[in-house]
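Here the structure is a predicted model, which is why all the values come from computation and not from measurement. Scope of the values below: all heavy atoms of this structure, side chains included, with no hydrogens, waters or symmetry mates.
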Amino acid sequence: MILGIFANLEFDFLKESMKNAILLYGRFDEKIGGVPIVNIPTCNPNNENNWMGGTKRELKKQGWRVTCPVIPEVWKAPYSVWETALDESEVDEDTVLVGLSQGAGAVIKYIIENKKKISKLILIAPARQASVDTPEFTEFYDFQITNDIKKQIKNGVTIFISNDDWPGILDAVKIYEEDLGAKVVRFEDRGHFSFLIKTFPELVEEICKVFF
């Protein structure tokens with residue numbers, strides 16, 4: 001009886017330890033309103049006053065291991081820097097991987113090139129190509145999505161999008177929806193999911209569904 005209790009406790013611990021989420025933000029401008037982003041606390045994805053940091057807080061309450069990588073000089077960092085950040089975050093088969101905007105391109109390219117198997121992929125306002133003004137970022141989107149990638153994502157793909165986002169982002173969602181067989185959740189008034197938004201309960205719920 002006692003051994004059985006300990007075995008159950010060990011199983012519960014292992015189950016909790018498997019909960020791993022990595023939330024990758026997008027690219028910021030070097031300055032916002034003339035202020036360097038490194039001096040703006042809410043630009044930090046770990047800050048609990050924005051929706052990404054708030055999501056991290058709520059997930060940790062439920063026993064998740066959560067990483068929100070900070071990309072050095074994110075406004076100009078090449079893909080190799082983002083790749084290193086993902087390597088250090090330890091993406092594995094039990095990971096829910098979340099990518100925002102350019103970060104969505106980064107996480108998709110990462111799992112394709114590194115043949116990573118993950119638990120679930122969540123894209124938020126995902127970009128599919130660099131803008132005309134930023135051709136240097138085309139390397140974030142130079143991947144092809146084949147049917148094989150679906151086999152790498154155990155619990156499928158969810159996309160969050162707001163209908164008042166930029167036209168290029170709305171077009172990208174159509175592409176990802178078809179190529180990844182994704183479920184799309186739409187909002188009307190969240191724009192490009194700025195960090196001025198403080199909470200994102202729908203994201204927390206979607207991540208937690210993986211274990212229920």
Side-chain angles (χ1 to χ4, degrees), residues 19-33 35-75 77 79 81-91 94-111 118-127 137 140 157-162 164-166 169 172-173 176 182 184-187 189-211:
K19 295 180 178 181
N20 184 41
I22 299 171
L23 284 64
L24 186 63
Y25 62 178
R27 180 179 57 86
F28 284 100
D29 292 331
E30 183 175 0
K31 295 181 179 180
I32 298 177
V35 181
I37 66 164
V38 293
N39 296 329
I40 303 175
T42 50
C43 291
N44 186 325
N46 296 283
N47 188 315
E48 294 184 359
N49 289 317
N50 64 55
W51 64 258
M52 188 168 283
T55 297
K56 177 179 180 178
R57 178 193 61 235
E58 295 305 312
L59 291 175
K60 290 185 72 174
K61 287 180 182 178
Q62 300 185 48
W64 287 75
R65 174 182 178 268
V66 187
T67 306
C68 300
V70 176
I71 308 297
E73 298 187 314
V74 64
W75 57 89
Y79 171 73
V81 175
W82 297 64
E83 182 178 30
T84 297
L86 288 168
D87 282 338
E88 293 174 348
S89 299
E90 300 179 3
V91 178
D94 298 309
T95 298
V96 176
L97 193 54
V98 181
L100 166 67
S101 192
Q102 184 171 293
V107 296
I108 295 172
K109 179 172 179 172
Y110 182 80
I111 61 176
I118 61 173
S119 178
K120 186 173 182 64
L121 178 65
I122 298 178
L123 308 177
I124 302 171
F137 296 113
F140 283 79
V157 182
T158 297
I159 300 174
F160 289 102
I161 184 65
S162 186
D164 60 345
D165 205 336
W166 300 313
I169 298 297
V173 169
Y176 285 131
V184 178
V185 179
R186 293 185 177 274
F187 301 92
D189 58 357
R190 301 201 187 182
H192 199 54
F193 293 84
S194 161
F195 276 5
L196 294 177
I197 299 171
K198 294 184 178 297
T199 61
F200 199 159
E202 299 88 353
L203 175 60
V204 175
E205 180 180 359
E206 190 68 18
I207 293 172
C208 290
K209 281 180 183 177
V210 173
F211 281 87

### Task
Return the set of residues passing salt bridge (Lys or Arg N to Asp or Glu O under 4.0 Å) with R27 (not counting sequence neighbours), or none when no residue passes.
none

### Query
Hey, does the side chain of K19 reach the backbone of Q62 with a donor-acceptor pair shorter than 3.5 angstrom?
yes

#### Entry: Close side-chain approach of L86 and E88, heavy atoms under 4.5 Å
no

### Query
Mind checking whether W64 and E58 have side chains closer than 4.5 Å, heavy atoms only?
no

#### Entry: side chain to side chain contact (heavy atoms under 4.5 Å, CB included) assessment of I124 paired with S101
CA-CA 6 Å; I124 302 171; S101 192; over 6 Å; no

### Task
Taking all heavy atoms of I32 and all of C43, pick out the closest pair and write down the distance.
CD1-SG, 3.9 Å

### Query
For Y176, which residues count as a ring pair (Phe, Tyr, Trp, His ring centres under 6.0 Å) partner, sequence neighbours excluded?
none

### Value rounded to 0.5 Å, distance of OG1 in T55 from NZ in K60
13.5 Å

### Query
Considering residues at least two apart in sequence or located in another chain, which fulfil the salt bridge (Lys or Arg N to Asp or Glu O under 4.0 Å) criterion with R57?
E48

### Message
Cation-pi check for F200 against R190: NZ or CZ below 6.0 Å from the six-membered ring centre and within 45 degrees of the axis, yes or no?
### Response
yes

### Task
Report the C-alpha separation of T95 and S119 in whole Å, then their side-chain angles, then the decisive distance to 0.1 Å, and conclude whether the side chain to side chain contact (heavy atoms under 4.5 Å, CB included) test is met.
CA-CA 5 Å; T95 298; S119 178; 5.7 Å; no

### Query
How long is the span from the CD1 atom in I122 to the CG atom in L100, to the nearest 0.5 Å?
12.5 Å

### Query
Checking ring-ring contact (aromatic ring centres under 6.0 Å, His included) for the pair F195/F28: CA distance, chi angles, key distance, verdict?
CA-CA 11 Å; F195 276 5; F28 284 100; 5.8 Å; yes

### Summary
E83 meets the salt bridge (Lys or Arg N to Asp or Glu O under 4.0 Å) criterion, sequence neighbours left out, with none

### Query
How far apart are the closest heavy atoms of M52 and C68, and which atoms are they?
CG-SG, 3.9 Å

### From CG (L121) to CD1 (I108), nearest 0.5 Å
6.0 Å

### Message
Are there over 12 heavy-atom neighbours, none belonging to W75, within less than 6.0 Å of that residue's CH2?
### Response
yes

### Message
Nearest 0.5 angstrom please: I118 CD1 to D94 CG, how far?
### Response
11.0 Å

### Query
Does a side-chain heavy-atom distance below 4.5 Å link I37 with D29?
no

### Task
Work out which heavy atom in A125 is nearest to a heavy atom in D165; give both atom names and the distance.
CB-OD2, 3.3 Å

### Query
Distance-only, no hydrogens or angles: does the W51 side chain make a donor-acceptor pair with backbone N or O of F193 under 3.5 Å?
yes

### Task
Search all heavy atoms of P41 against all heavy atoms of N39 and return the closest pair with its distance.
CD-O, 3.4 Å

### Query
Taking the side chain as C-beta and beyond, is there a heavy-atom pair between L24 and P45 under 4.5 Å?
no

### Query
Less than 4.5 Å apart, any side-chain heavy atom of F160 and any of L203?
yes

#### Entry: Residues which pass side chain to side chain contact (heavy atoms under 4.5 Å, CB included) with S89, listed by chain and number, not counting sequence neighbours
I22, T67, P69

### Task
Please assess I161 against I169 for the test side chain to side chain contact (heavy atoms under 4.5 Å, CB included), listing each intermediate value before the final yes or no.
CA-CA 8 Å; I161 184 65; I169 298 297; 3.5 Å; yes

### Query
For E206, which residues count as a salt bridge (Lys or Arg N to Asp or Glu O under 4.0 Å) partner, sequence neighbours excluded?
K120, K183, K209

### Query
Can you find a pair of side-chain heavy atoms, one from L123 and one from T158, that are under 4.5 Å apart?
no

### Query
If we only count heavy atoms from C-beta on, is the I197 to N50 side-chain gap below 4.5 Å?
no

### Summary
Rounded to the nearest 0.5 Å, the CG atom of N47 sits from the NZ atom of K56 at a distance of 10.5 Å

### Side-chain donor/acceptor of S194 to backbone N/O of L196, under 3.5 Å
yes

### Message
Just verifying a value: how many Å separate N46 CG and Y25 OH, rounded to the nearest 0.5 Å?
### Response
9.0 Å

### Message
Just so I know, are the side chains of V173 and P126 near enough to count as touching, which here means a heavy-atom distance under 4.5 Å?
### Response
yes

### Query
Could K109 and F140 be counted as a cation-pi pair, given that NZ or CZ must be under 6.0 Å from the ring centre and within 45° of the axis?
no

